[in-house]
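Quick one: this structure, given as structure tokens, is what I'll be asking you about.
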4 protein chains.
Amino acid sequence: MLVYPGHKLHVFDISKEAKDSLQAKGAVPYDNVAELAKASDFVVTMLPNNDIVANTYDTIIGGGGIKNQTIFIDSSTIDPNVAKAVQVKVKAAGATFVDAPVSGGVPGAKNATLTFMVGGTTDEYQAVKELLEGMGKKITHCGGYGMGQAAKVCNNMMLGISMCGLAECMNLAIRLGLDPKVFSDIVNASTGRSWASEVNNPVPGIIPTAPAASGYAGGFATGLITKDLGIASAVATSSNSPIPLGALTHQIYRTLMAKGLANKDFSVVYDFLKNAEGK
Amino acid sequence: MLVYPGHKLHVFDISKEAKDSLQAKGAVPYDNVAELAKASDFVVTMLPNNDIVANTYDTIIGGGGIKNQTIFIDSSTIDPNVAKAVQVKVKAAGATFVDAPVSGGVPGAKNATLTFMVGGTTDEYQAVKELLEGMGKKITHCGGYGMGQAAKVCNNMMLGISMCGLAECMNLAIRLGLDPKVFSDIVNASTGRSWASEVNNPVPGIIPTAPAASGYAGGFATGLITKDLGIASAVATSSNSPIPLGALTHQIYRTLMAKGLANKDFSVVYDFLKNAEGK
Amino acid sequence: MLVYPGHKLHVFDISKEAKDSLQAKGAVPYDNVAELAKASDFVVTMLPNNDIVANTYDTIIGGGGIKNQTIFIDSSTIDPNVAKAVQVKVKAAGATFVDAPVSGGVPGAKNATLTFMVGGTTDEYQAVKELLEGMGKKITHCGGYGMGQAAKVCNNMMLGISMCGLAECMNLAIRLGLDPKVFSDIVNASTGRSWASEVNNPVPGIIPTAPAASGYAGGFATGLITKDLGIASAVATSSNSPIPLGALTHQIYRTLMAKGLANKDFSVVYDFLKNAEGK
Amino acid sequence: MLVYPGHKLHVFDISKEAKDSLQAKGAVPYDNVAELAKASDFVVTMLPNNDIVANTYDTIIGGGGIKNQTIFIDSSTIDPNVAKAVQVKVKAAGATFVDAPVSGGVPGAKNATLTFMVGGTTDEYQAVKELLEGMGKKITHCGGYGMGQAAKVCNNMMLGISMCGLAECMNLAIRLGLDPKVFSDIVNASTGRSWASEVNNPVPGIIPTAPAASGYAGGFATGLITKDLGIASAVATSSNSPIPLGALTHQIYRTLMAKGLANKDFSVVYDFLKNAEGK
């Protein structure tokens, strides 16, 4: 995680390079997560998926890494049900656990403008708020355990649907003869507007700062939205919730993954849908 | 159409009641559209579908209703290609035709806050702008002939996608345990926001003025969004444009039609998707 | 159409080459469809789309090409509603019209093994049956006017859905570790079987005679199934029929069109979906 | 499981009634799965979901229920990856485990005409074949561990797609004016045919033995196809396989679940899609 003023930073990463780099900035490196946890008052974890989060906390608990006052903050993006299960285990071992997934990407991390969505009790939310404000701009209390994850996955499902839908609409508009800039302005002044249409229009040339303007580099990677939509599909299945557009958007992004576009900004779906031959 | 200050209003409607009602307000009723057109400088038509628009203009032209200076403004919502074809015929007969579909619904019509999307030359746009400003608040020039229709159909396809997607997300969020009001606030402050989430949240109780708060009465009818999505599907077919989410949204709304929900606000899709039994 | 034994063949085509080629085989070429119709007892038309069919029959009728005894057989694939409208016009002009779309492709045409789906009265069906038996193997009476077209479009929508679904299933099966040949045999002995799985499996190497075995050449072109799915979408819209899978299949094939695959067999959808990178 | 001739049957069920009923037929009841396993040469498990299968085998292993010669046959329908994980644990404890999900339903169980899809080595397949032939008619070797589950989930995904697609096509055909029996015969003689169209047409009156003929009672429950499609969605996510139609079919069946149709035959999707009002 970040080098954070006013706190002594203890760090662990499976990448030696990452640890060395943080050590060079003054952090104390550890070879073992349980030892690190034992030495810390706050532990922030950010890990790639459900299984790695569950295993890491099993390792911490099994390795005697739980102290009573420790507050564990998991900023991974995972299934809310996994977050709830880890909370139960950490609580049983005597410490505190909240889920606090984050959005805002690499630029947000660099500039401390991230958004954290926190799931836990009101007291726990208050206890982590100040710490998280050192890393992010907006710290939202979403509800009880797992609700930070639930909020993130539902918001991002909406985001994916908006982007795919906008890509279809822009492509159709252009093919019907509309000027994309003119149509973009109409949408933004009308009932079709969304964050995607206002901030990340997928047609190159509409918004100079959008990833579309630079070959879909940077931004929010197709691989990440696909992962989030996979979590959405899983929790929709486990809660018997119909998500026709969410499921289809997931499949569309999975097709993009199959075409090798994982690292492009998710607005690249416009480029995928448009007819290269102009037919 | 509306009784409009500063102009003598000539009216035709296939409904005698509608004509009588306008006559009572001072309008001059006609039994024949061609005669009405011959007597008018501006003719505004607002008709239910492609075929009726095409037939009405054939009747006007065939009935000798075209004068050189007449400007025909079609505010129906139809296929842009039909609008273009009618323009060609009216032009050939010596008059001017622009497409100017409208959004804003019955409240917009009553309060003169409608939005008109105009397709035509810049001169023609200037020529109709003042007249339309008497009926609407925003008069947008969308491009050449048919582009008013194209803009409306593309915007409304986006609107339908946003609403269906939002209904799925709200339902999923609630079933995962989120408070709908809390989640709604999160979405509106995040990347998932849209006109639908800010103005017409489909969950009863979130937005007091939204149709969801009054049994999905009023608002933008399911029957109308279904019609607009049908036009979107048709022009997507004729232009070979892939619209996966647009097409699926169309099918979802068509299913709602089959369930007898044509007259409810289109946000009723939330009520359709949620699991009444709580399973 | 085909050079047909026992009948004097009169031909028209907008392509001079096509006419010359038929003339070389003994057919009488015409420069004008109305003249050709006037000289014929049976007229078989096979044209690319709704508008060309409608215009051609307008030209025939307008050019005085209708004789009382003439039977017009339209073997184009078009919207059933257009077929019905043309029937009304031809009938009003005094002759007989049936719709008789055909399936079986170029091999079926060469070997006279085509299937004709006829819409018309029982008497009309009997009147055209013998003639069509010279060109096809199976002549089915589907019902009244337009029902030949309706049967073809509904069957082909099912075919498109089956093929896309099978492509997904084969791809998923392979990625889960199943041997494609073993899985194909299981499906064909189980509830998942279909014409597509038995005759046109999209995975190369399963069925030696299938287009997949030769780079997806030949077979039933993606461009044609896309056209048929477009007609299905149009008639679903005009009849308010929900077709969620049909509409999505249409969009998938439209995406393939956008990728330049119009001329490949429609089983190429498997190749499109599978993950080339093996990720 | 079944009372099986030539073997002494030991049984466990969480339902006391079920155990009592089997005891009345001569089976030996157990209060504990580990004890039962210790006393048996073959153990057949058939359980509702991933977690219960995993927990049951943990209980058996933890309770000392593994003997070297025991062959465990799991006939539950679960995620192939869970089956693989259980196999690894059982193997490590010294016994044999194969996955052998079953299809054929309650009638198949009563008449011993079930189909078993076996995942395991060739020797293991041979070792369980004879036993399974006492319960089923067709015992298929699908490949290595988990491949029985993979085959079942992929076949059933195809089945769900076929049924939904057929329901759409039949509804569209009827609304276009086709006689459903005539159209059904055409499809079954054409490229649109499938197991669903030949054996389980969803329109009442086409096939007298199909569930549609008796109010969609009996047959393959909507709740079960929804569960299978949920497994398909999960393995598609974990293997990054695009399944657009499979995912949409899953959502459609999930919507049917939300409408309280879980216990109806899955062909009830036709009844759900058709327009009751005839509009």
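Side chains are part of it too, since the values below use all heavy atoms of this structure and drop only hydrogens, waters and symmetry mates. Lettering of chains follows the sequences in order, A, B, ..., and the numbering in each one begins at 1. As the structure is a prediction and not an experimental result, all values here were calculated from the model.
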- [ ] Under the side chain to side chain contact (heavy atoms under 4.5 Å, CB included) rule, what do C:L176 and D:C154 come out as? Steps first, then yes or no, please.
- [x] CA-CA 9 Å; C:L176 294 179; D:C154 291; 4.0 Å; yes
Open item on the list: Minimum heavy-atom separation for C:L178 and D:C142, please, with both atom names.
Closed with: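 For C:L178 versus D:C142, the nearest heavy atoms are CD2-O, 3.5 Å.
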TODO: May I ask you to list the residues in residues 160-167 of chain D that approach chain C closer than 4.5 angstrom, counting heavy atoms only, ordered by number?
DONE: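 Within residues 160-167 of chain D, the residues under 4.5 Å from chain C are D:I161, D:S162, D:C164, D:G165, D:L166.
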Open item on the list: Please identify, among C:V153, C:L248, C:V187, C:T249, the residue contributing the most non-hydrogen atom pairs under 4.5 Å to chain D.
Closed with: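 Among the listed options, the one with the most contacts to chain D is C:L248.
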Open item on the list: Under 4.5 Å from any heavy atom of chain C, what part of D:K84 do you find: side chain, backbone, both or neither?
Closed with: side chain
Task: Residue among C:A236, C:A150, C:G143 with most heavy-atom pairs under 4.5 Å to chain D - done: C:A150
Open item on the list: Between C:S103, C:G146, C:P80, C:G192, who has the most heavy-atom pairs with chain D when the cutoff is under 4.5 Å?
Closed with: C:G192
Open item on the list: Can you list the residues of residues 197-210 of chain C that sit under 4.5 Å from chain D, counting heavy atoms only?
Closed with: C:E198, C:V199
Task: Spacing of D:N171 atom CG and C:S241 atom OG [to the nearest 0.5 Å] - done: 5.5 Å
Open item on the list: On a heavy-atom basis, which atom in D:P244 and which in C:I252 lie closest, and how many Å separate them?
Closed with: CG-CD1, 3.7 Å
TODO: Could you look at C:I174 and say if it's the side chain, the backbone, both or neither that has a heavy atom under 4.5 Å from chain D?
DONE: neither
TODO: Quick one: pull up CG in C:N155 and SG in D:C169 and give me the separation to the nearest 0.5 Å.
DONE: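 Separation between the atoms: 8.0 Å.
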Open item on the list: Give me the atom names and distance for the closest heavy-atom approach of D:N156 to C:T191.
Closed with: OD1-OG1, 4.2 Å
Open item on the list: I'd like to know which of D:G144, D:A173, D:G119, D:S190 tops the heavy-atom pair count under 4.5 Å against chain C.
Closed with: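 The candidate making the most pairs under 4.5 Å is D:S190.
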- [ ] Starting at CZ of D:R193, measure out to CE of C:M158 and round the result to the nearest 0.5 Å.
- [x] 12.0 Å
Open item on the list: Within this structure, what is the CG-CZ distance for the pair D:N240 and C:R175, rounded to the nearest 0.5 Å?
Closed with: 6.5 Å
Task: Residue that, paired with D:T140, satisfies side-chain contact (heavy atoms from CB on, under 4.5 Å) out of C:V182, C:D185, C:I186 - done: C:I186
